[in-house]
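Each remark here refers to the structure printed beneath this line.
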Amino acid sequence: SFPGGRRDPADGDEVATALRETREELGLQLGTASIWGQLRTLPDRHGLTVAPIVANLGPLEDLTLTPSANEVEEVFTLPLAHLLREENQGYTHFRGSSGRYGYTLPVFLNGPHRVWGLTAIITELTLELLAPARY
C-alpha cells in the first residue's frame with residue numbers, strides 16, 4: 001500500500017499528514033511543491049476516511065529510500081506502462097451476505113505482487129487522471 005496513517009494533532013491538513021507519513025515510512029523529505037493534488041476521499045474497510053494525496057517524486061533513480069523497518073516490509077514500484085497493459089488489469093468480485101455479488105474492485109496483476117484493495121482503487125483513480133485516453 002502507499003505511505004499513510006492517521007492525522008496527528010500537529011498536522012495542519014491532509015497534505016501535512018501525507019508528507020509526514022512519507023518521511024516516517026520511506027525516509028523521503030518532500031515539500032509541498034511536490035504535491036500535485038488530492039484525490040477524492042475514500043472509506044476504508046474500517047469506516048475511516050482516506051484522503052489520497054498525489055505527489056511528483058521525480059526520477060526513481062534519484063531517490064534514496066530508507067524504509068522504516070517497523071512500518072514497511074518491502075518497497076516496490078510498477079511502471080506506468082505495466083499498469084496500463086490490459087493483461088495486467090483485472091477485477092475482483094466480492095459477495096455480500098446474501099451470496100450475490102456485492103461489489104467489484106480493481107486488481108493489478110503480473111508484477112512482483114498483486115495490487116488490490118484500497119491500493120488498487122487509489123491506483124485506478126490515479127491512472128484515470130494521468131492517462132485518461134488509455135485507461
Side-chain angles (χ1 to χ4, degrees):
S1 71
F2 299 109
R6 291 186 185 264
R7 186 171 173 181
D8 284 351
D11 295 337
D13 58 15
E14 290 86 356
V15 169
T17 301
L19 293 173
R20 177 185 52 76
E21 288 289 344
T22 301
R23 183 179 65 253
E24 290 175 3
E25 293 184 17
L26 298 177
L28 283 179
Q29 297 280 356
L30 299 176
T32 55
S34 300
I35 302 299
W36 282 354
Q38 179 178 327
L39 301 175
R40 66 180 168 92
T41 59
L42 303 163
D44 75 359
R45 61 186 168 135
H46 304 289
L48 299 174
T49 301
V50 176
I53 305 298
V54 180
N56 181 356
L57 304 180
L60 292 177
E61 301 81 25
D62 296 344
L63 296 178
T64 301
L65 301 177
T66 53
S68 167
N70 295 333
E71 297 192 63
V72 178
E73 184 176 324
E74 181 180 359
V75 175
F76 70 93
T77 61
L78 291 171
L80 186 59
H82 175 91
L83 295 168
L84 291 173
R85 280 190 212 106
E86 284 189 36
E87 63 268 20
N88 298 331
Q89 302 167 7
Y91 290 91
T92 302
H93 305 286
F94 293 89
R95 295 185 188 276
S97 58
S98 67
R100 300 178 74 165
Y101 286 120
Y103 55 97
T104 301
L105 296 177
V107 61
F108 295 91
L109 310 163
N110 303 320
H113 301 284
R114 178 182 310 180
V115 177
W116 63 283
L118 192 56
T119 302
I121 294 169
I122 295 169
T123 300
E124 182 174 71
L125 291 172
T126 304
L127 290 174
E128 289 171 351
L129 287 174
L130 294 178
R134 295 197 46 209
Y135 188 82

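- Note that CZ of R114 and OG1 of T92 are 6.5 Å apart. Values are rounded to the nearest 0.5 Å.
- Across every non-hydrogen atom of R6 and R20, the tightest pair is O-NH2, 2.9 Å.
- For the pair T119 (side chain) and V115 (backbone), a donor-acceptor distance under 3.5 Å is absent.
- Listed for the N88 side chain is no donor-acceptor partner under 3.5 Å among the backbone atoms of G111.
- P3 and L26 make their closest contact through CG-CD1, 3.5 Å (heavy atoms, listed as atom of the first residue, atom of the second, distance).
- The two atoms that bring P106 and A120 nearest to each other are O-CB, 3.2 Å, heavy atoms only.
- Taking CD of E25 as the reference point, atom CG of N70 lies at 11.0 Å (rounded to 0.5 Å).
- Ring planes of Y103 and F94: parallel class, angle under 30° (limits at 30 and 60°).
- Q38 contributes atom CD, which lies 5.0 Å from atom CD of E14 (distance to the nearest 0.5 angstrom).
- In this structure, I121 CD1 and W116 CH2 are separated by 10.5 Å, a value rounded to the nearest 0.5 Å.
- Of the possible donor and acceptor atoms, one in the side chain of H82 sits under 3.5 Å from a partner among the backbone N and O of L109.
- The two atoms that bring G58 and N56 nearest to each other are N-OD1, 2.8 Å, heavy atoms only.
- For the atom pair CD (E86) and CZ (R134), the distance works out to 10.0 Å, reported to the nearest 0.5 Å.
- Residues F2 and T123 meet the side-chain proximity criterion, which asks for heavy atoms closer than 4.5 Å.
- Residues T77 and L60 form a side-chain contact, since some pair of their non-hydrogen atoms from C-beta on lies under 4.5 Å apart.
- Donor-acceptor pairing under 3.5 Å is lacking for the side chains of Q89 and Y135.
- Contact check for I53 versus L19: no side-chain heavy atoms found under the 4.5 Å cut-off.
- Closest heavy-atom contact between L83 and L78: CD2-CD1, 3.8 Å.
- Here CZ of R23 is found 12.5 Å from OG of S68. Values are rounded to the nearest 0.5 Å.
- Residues V72 and F76 do not share a hydrophobic cluster, clusters being chains of Ile/Leu/Val/Met/Phe/Trp/Tyr side chains in contact below 4.5 Å.
- Of all non-hydrogen atoms in L118 and P43, the two that sit nearest each other are CD1-O, 4.3 Å.
- At distances below 3.5 Å, at least one donor-acceptor pair connects side-chain atoms of D13 with backbone N or O atoms of V15.
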